[in-house]
Amino acid sequence: MQATASTVSRRLLGRLRDVMAGGGSAQERLDNTVRLIAADMVAEVCSCYVMRAGEVLELFATEGLLKTAVHETRLRVGEGLVGDIAAHARPLALADAQSHPNFAYRPETGEEVFHSLVGVPIIRGGRVIGVLVVQNKSQRHYTEEEIETLETVAMVLAELISSGALINPEELAAVDGNAVLPLRMEGARLTGGIGIGVAVMHEPRVVVQKLVAEDPEAEMARLRAALGAMRNSLDEMFEAQDLAFSGEHRDVLETFRMFAEDAGWTARIAETIQSGLTAEAAVQKVHEDTRVRMSQVSDPYLRERLHDFEDIANRLLQHLVRGNQAGTAASTDLPENAVLVCRSLGPTELLDYDRRRLRGIVLEEGSPTMHVAILARALDIPMVGRVKDALAKIEALDPVIVDGDNGQVFARPPDDIQDMFAANMASRAAKVAAYAAMRDLPPITRCGQSVRMMLNAGLLVDLPQLDSTGADGIGLYRTEMPFMARSQLPDVGQQANLYTRILDMADGKPVMFRTLDVGSDKLLPYWSSAREDNPAMGWRSIRITLDRPAVLRTQLRALVRAGLGRDLNIMFPMVAEVAELDSLRQILNLELERHRLRQGVAPDRVRVGTMLEVPALAWQLPALLKRVDFVSIGSNDLMQFLFAADRGNPRIAERYDVLAPAMLNFLRWIARECRKAGVQLSVCGEMAGRPLEAMALLGVGIRNLSMSAPSIGPVKAMVRSLFLPSLEEYMATLYDRPDHSVRQYLRNFALDHGVSI
Ligand code: PEP
Ligand code: MG
């Protein structure tokens, strides 16, 4: 019987397994490997080059070339045929190598007598870490199967090289076949600030330990079982109500159909298993091949699919290696200075991490008013979103700089860039110190208008910021945050304890407790709801709590208990019509009454307000303002509903601007109505925390701003440098402009009038 390629490589892999398992140093194992390959492929030469720091390919082992050249011959990436293979991360097979324009003759190797050459890149994590080459004296035409065999062997060598036994990992370098390191990637600014650290993959890649297998049939059975399990778990995920809001799973599912049910993909994995690899090594090999191929295509649609492909391959590997014990990096030992790299991240997932170790977050998706971005801002973690191919381009433990101010990310930055950012961080620290020094200065404009500056909070860790920033109180306490950070719904006692602690820590300053605002992208792990096509406009917030009043009653009972003997401020989110407020108020009254009857005591004063984030409510202002003590504009949601633009959809994140004339006119009108009715109006959406936007809010007549702690300093500096009458006069010329945005005009005003933005 004629030996097929897969039996050849299986035989070779069997021998390689013995070599790898046998004793001897890593160098000896590598020497034996190249000897084995040369013999098995009937070639005069087999050599292995390893990429060293500085992107130099060094000859590490050879059978057939002069031994004196080992560790002496070095080629740059792109130099010679070996350098060409590394630069393009693709195999090269030439019957007449010397006539190739890239052939670089190295006399010390004695290779002039060899005419044909076949080489493959040694790839690890999508990037080239070496090159494996075979040469013959004759003008040999290497077959596809022989190239495949070499690629399979190269996988085994990738393990040996990156194990650290052959070469110190710090001396090892890698190129991704497309871009030469280091890498600067553009994205969108989600949270300002600079973070320097090392990459941690939110969903860690699976490390394949066992590469070679003896029984292909057993491996095929494992593959089939894992494919089945993956299919089931994806189906479950699709059904699972608590994933209904994420959107991401649909892409994954679609891709699952594209890849997992694609006979071509599974056939390639099966073929690779036949060559002697374990099922997981085969999945990884096909994955690496596809990854390199796809990273070189320019078609944007196909490149997008690369992410999905990463997901699917990783999921399948997880099923094979860990039996679907997925887990994120939150449950692993985080380095002291972790930069989290993720495709997307939910707020609950972020809360799973030890915040003290997170220096920055890089997302492939994301928009600034997504809740995870709001949370990152509150935690003061720099975050850049919409960084294309971040998962493919950044490797775990790569040094990374997250420049949240400019929406850029540097992977493996050279020293001078690192130094520059370190210096920048120092000057930021000086600025922060300057803001801290302003803590006791009142937020009063140059013309004497005082502005109330409040904090947005949602976690106990936020409370000490009240003191450190000198803020006037908590303008928005997102009560859902502690709900999200737990594994089950807290009962009345637990909630009352929490709210009491918050009021104690606020020490007399007002706290606007917003009732549970879940749904859309804020999910409770223990509380599932049906899948919806449009969750942001679906069953969320008070729509849930009015339908399930027991949850709201529990929360209001706890708030009333915590507020005994003090002032209590309760704010209802997502109210769309006055009738809803009336129903909510009835429930609150029931709780207050219950308390009075049972305990004979009540809070000193209960102030009730609503968020204004659904435009319809603005058209009932006369009725609303008679019933409330305060109104707070949730500009994040208001903006999404006013412009019909999903706040969590990265594609349209920059489509409309909060500084559009439509938004400013709307806000100005609301401010006027509230002023007439004598009802306190504030803004607690993200726009209140950005100096330029906050300036515009003052211009339309709003005097209360609530924001995350890091914004207090910069916004206060703006307030103290502003002369309001000039701004009001100038803005009067902007309201009727036909522009998409008046941002540039406002910026120019600020620059011309010395307003600190
Ligand atoms: C808003 O919508 O602006 C707001 C403050 O609420 P959240 O971001 O929590 O939806
Ligand atoms: Mg909202």
Side-chain angles (χ1 to χ4, degrees), residues 241-242 244-245 346-348 351 371-372 374-375 378 456-460 462 474-503 511-530 532 535-563 568-576 580-592 606-614 617 628 630 632 634 636-637 684-685 706:
Q241 292 102 337
D242 61 350
F245 301 125
T348 336
L351 289 172
H371 284 101
V372 70
I374 293 174
L375 188 59
N456 287 354
L459 299 169
L460 276 179
D462 295 328
I474 302 218
L476 166 64
Y477 189 87
R478 290 183 162 101
T479 59
E480 62 277 4
M481 291 291 173
F483 280 69
M484 288 160 73
R486 297 169 155 265
S487 57
Q488 57 190 33
L489 203 69
D491 61 21
V492 183
Q494 289 166 323
Q495 287 189 53
N497 281 345
L498 177 70
Y499 304 143
T500 305
R501 279 185 72 188
I502 292 163
L503 288 170
V511 179
M512 312 298 185
F513 284 103
R514 181 176 76 180
T515 62
L516 201 57
D517 183 26
V518 292
S520 195
D521 64 341
K522 286 184 285 197
L523 302 170
L524 302 183
Y526 42 85
W527 208 13
S528 55
S529 51
E532 294 175 298
M537 297 200 282
W539 200 52
R540 55 176 288 202
S541 195
I542 54 135
R543 298 170 187 185
I544 299 180
T545 49
L546 279 175
D547 290 354
R548 299 259 172 88
V551 179
L552 184 61
R553 284 191 71 157
T554 310
Q555 186 174 36
L556 292 173
R557 193 170 302 169
L559 283 167
V560 170
R561 212 184 273 179
L568 182 63
N569 296 286
I570 294 179
M571 175 156 75
F572 294 110
M574 279 295 289
V575 175
E580 285 174 338
L581 171 69
D582 286 345
S583 308
L584 293 160
R585 189 130 203 175
Q586 260 175 21
I587 300 175
L588 174 61
N589 286 343
L590 279 177
E591 283 309 315
L592 285 167
V606 181
R607 295 176 75 235
V608 175
T610 64
M611 300 274 293
L612 203 165
E613 42 191 354
V614 181
L617 190 63
V628 288
F630 60 90
S632 188
N636 308 333
D637 275 315
C684 62
S706 191

How long is the straight-line distance from CE of M571 back to CG of L612, given to the nearest 0.5 Å?
11.5 Å
Identified side-chain hydrogen bond (donor to acceptor under 3.5 Å, both in side chains) counterpart of Y499 within the set Q555, R561, Q494:
Q555
Once rounded to the nearest 0.5 Å, what's the spacing between atom CG of L498 and atom OH of Y477?
5.0 Å
Which atom pair, heavy atoms only, marks the closest approach of G563 to L568?
CA-CD1, 4.4 Å
Where do A576 and V614 come nearest, in terms of heavy atoms and distance?
CB-CG1, 3.8 Å
Please determine which of R540, R478, M611, M481 meets the side-chain contact (heavy atoms from CB on, under 4.5 Å) test together with D517.
R540
Contact between V518 and F483 at the side-chain level, heavy atoms closer than 4.5 Å - yes or no?
no
Supply the atom-to-atom distance F630 CZ to T610 OG1, rounded to the nearest 0.5 angstrom.
8.0 Å
Using the side-chain contact (heavy atoms from CB on, under 4.5 Å) rule, take L476 and M512 through it: C-alpha gap first, then chi angles, then the decisive distance, then the call.
CA-CA 5 Å; L476 166 64; M512 312 298 185; 5.8 Å; no
The residue among L559, V560, N569, L592 that forms side-chain contact (heavy atoms from CB on, under 4.5 Å) with V606 is L592
For the student: nearest non-hydrogen atoms of V575 and L617, plus distance
O-CD2, 3.5 Å
Would F513 and I474 satisfy side-chain contact (heavy atoms from CB on, under 4.5 Å), going step by step from the backbone distance to the final call?
CA-CA 8 Å; F513 284 103; I474 302 218; over 6 Å; no
Please check this pair: side chain of Q495 against backbone of T554, looking for a donor-acceptor N/O pair closer than 3.5 Å.
no
Hey, does the side chain of E613 reach the backbone of M574 with a donor-acceptor pair shorter than 3.5 angstrom?
yes
When rounded to the nearest 0.5 Å, the distance separating CD of E580 from CZ of R543 is 6.5 Å
Give the intermediate values and the outcome of side-chain contact (heavy atoms from CB on, under 4.5 Å) for residues M537 and E532.
CA-CA 9 Å; M537 297 200 282; E532 294 175 298; over 6 Å; no
Matching residue for T515 among L588, V551, L552 - test: side-chain contact (heavy atoms from CB on, under 4.5 Å):
L552
Distance from I374 atom CD1 to N456 atom CG, nearest 0.5 Å?
8.5 Å
Between A496 and A558, which heavy-atom pair has the shortest distance, and what is it?
N-CB, 3.5 Å
State the CG-CD1 distance between L556 and I570, to the nearest 0.5 angstrom.
5.5 Å
For S706 and G475 the tightest heavy-atom approach is OG-CA, 3.2 Å
